[in-house]
Every structure is written in C-alpha cells, then in structure tokens.
Amino acid sequence: MQAKIVIAGIGGRGVLFTTRVLAEAAREKGLPVLVSETHGMSQRRGSVLSQIKIGAEESPLIRPGTADIMLALEKEEGLKNLAYVKEGGMVIVNTDQLQMGSRDIAHLLEEKRIKVFFVDADRTAANTGYFMAANMVLLGFLEARAKQELTELDLRATLERLSPEEYLQVNLTAFDAGEHLGQDSSPYQE
C-alpha cells in the first residue's frame with residue numbers, strides 16, 4: 001500500500017492528532033511511514049500542515065501535484081494547499097458551503113478530475129456533543145471514502161488506542177458520525 005496524505009488546518013484544530021492516528025495506523029500494519037509537519041504560529045491559530053507518506057519513500061515531503069488525499073480542517077487552508085493534490089486525487093473539506101471558491105478553482109478541480117467532498121464537520125461534531133471533534137468527523141469520513149487508498153488501515157482501532165481517556169467517547173462518536181456521512185456521500189460537482 002502507498003498513499004500520500006496532506007492535512008491542512010490551523011493550530012488547535014487537531015491536525016497533529018489526526019496525523020498521529022493515520023501514521024500509527026500504518027505503523028501498526030507494519031507499513032513504512034514518513035511524517036513532516038509545518039507549524040506556523042500554531043499556538044495562535046496559525047497554519048499547520050502535515051504530510052504523511054505511507055509506503056516505501058525516501059523523503060517525508062510531498063511535492064505539489066502528488067498527494068492522493070488532502071484533509072482540510074478549514075476551507076481556507078484547503079484552498080492554500082490545493083496545489084499538493086494530484087490529478088484524480090481526493091479532497092475532503094470541512095465547510096458548510098458547497099464550493100471551494102472562484103470559477104477558476106472549480107475549473108481547475110474539474111480539469112484535474114479531483115474529487116471534492118464538502119463535509120460540515122463543525123456542525124456534525126457539535127451535534128455529537130463536542131464541537132472540537134471536527135477532525136475526528138473528517139477522519140471517520142476519510143475511513144469510509146478512502147477504502148481503496150487506505151485498504152489496510154484500521155483508523156477506528158488506532159483512534160481508540162491513542163485517544164486520551166477523557167476524550168475517548170466523544171472522539172469515537174464523532175468518528176462514527178463522519179464514517180456514516182462518508183458512506184452516504186458522493187463527490188461534489190460544480
């Protein structure tokens with residue numbers, strides 16, 4: 001199995017924990033994993049970008065146009081990092097709007113055959129009882145939608161093992177809600 005995943009967000013939204021769950025899930029299956037993280041002013045809601053390479057790779061950095069999947073915990077961070085996604089790749093965006101931006105961006109996504117999924121993870125997390133678990137909603141959505149790309153990984157089991165005791169139940173509830181959303185959705189076409 002090989003996969004290149006970019007996770008884009010801002011400080012305090014769970015980019016690093018989401019990265020850890022994905023990386024540990026791969027390690028648990030005996031797969032080689034490389035991780036790179038870029039922290040802006042993450043303590044002050046600055047940009048945070050994680051790159052995960054699963055499979056035999058030599059460098060942890062993902063070149064633009066080569067990522068299989070991007071999880072965007074905020075729409076704006078997704079837009080800033082869209083260039084990482086390869087032709088035919090997948091983007092999962094936390095937003096309540098069914099568009100990425102301008103017509104130019106819509107045309108680019110269509111031209112590169114990038115599948116875009118819009119998930120209101122903030123609202124879903126709030127409905128499950130913990131508004132800060134939007135990252136877990138997106139992770140559950142990813143589990144449901146990326147079965148082909150992440151065939152060997154059991155993200156839920158890894159999440160169960162890594163979650164701090166006080167957040168275990170809310171994380172699993174949010175993950176399950178996202179997984180359910182992912183089973184019922186299809187890519188958005190503008």
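Since the model is a prediction, treat every value here as computed from it, not as a measurement.
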When rounded to the nearest 0.5 angstrom, what distance separates [atom1] in [X] from [atom2] in [Y]?
| X | Y | atom1 | atom2 | value |
| --- | --- | --- | --- | --- |
| Asn94 | Asp120 | CG | CG | 6.5 Å |
| Ile54 | Leu22 | CD1 | CG | 6.0 Å |
| Ile92 | Leu73 | CD1 | CG | 10.5 Å |
| Asp176 | Asn171 | CG | CG | 10.5 Å |
| Asn135 | Arg13 | CG | CZ | 8.0 Å |

Can you check whether [Y]'s main-chain N or O pairs, donor with acceptor, with [X]'s side chain at less than 3.5 Å?
| X | Y | result |
| --- | --- | --- |
| Thr18 | Gly14 | yes |
| Asp68 | Lys4 | yes |
| Thr128 | Ala125 | yes |

Sequence neighbours excluded - side chain to side chain donor-acceptor pair (under 3.5 Å) pairs with any residue from residues 26-36: Glu24-Arg27, Glu28-Thr158, Glu28-Arg161
Salt-bridge criterion met for Glu143 and Arg156 (N-O under 4.0 Å):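 Between Arg156 and Glu143 there is no salt bridge, as every charged N stays at least 4.0 Å from the carboxylate O atoms.
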Partners passing side chain to side chain donor-acceptor pair (under 3.5 Å) against Lys80 (at least two apart in sequence or in another chain): Ser47, Glu77
Heavy-atom nearest pair, Ala134 first then Asp122, reads CB-OD1, 3.4 Å
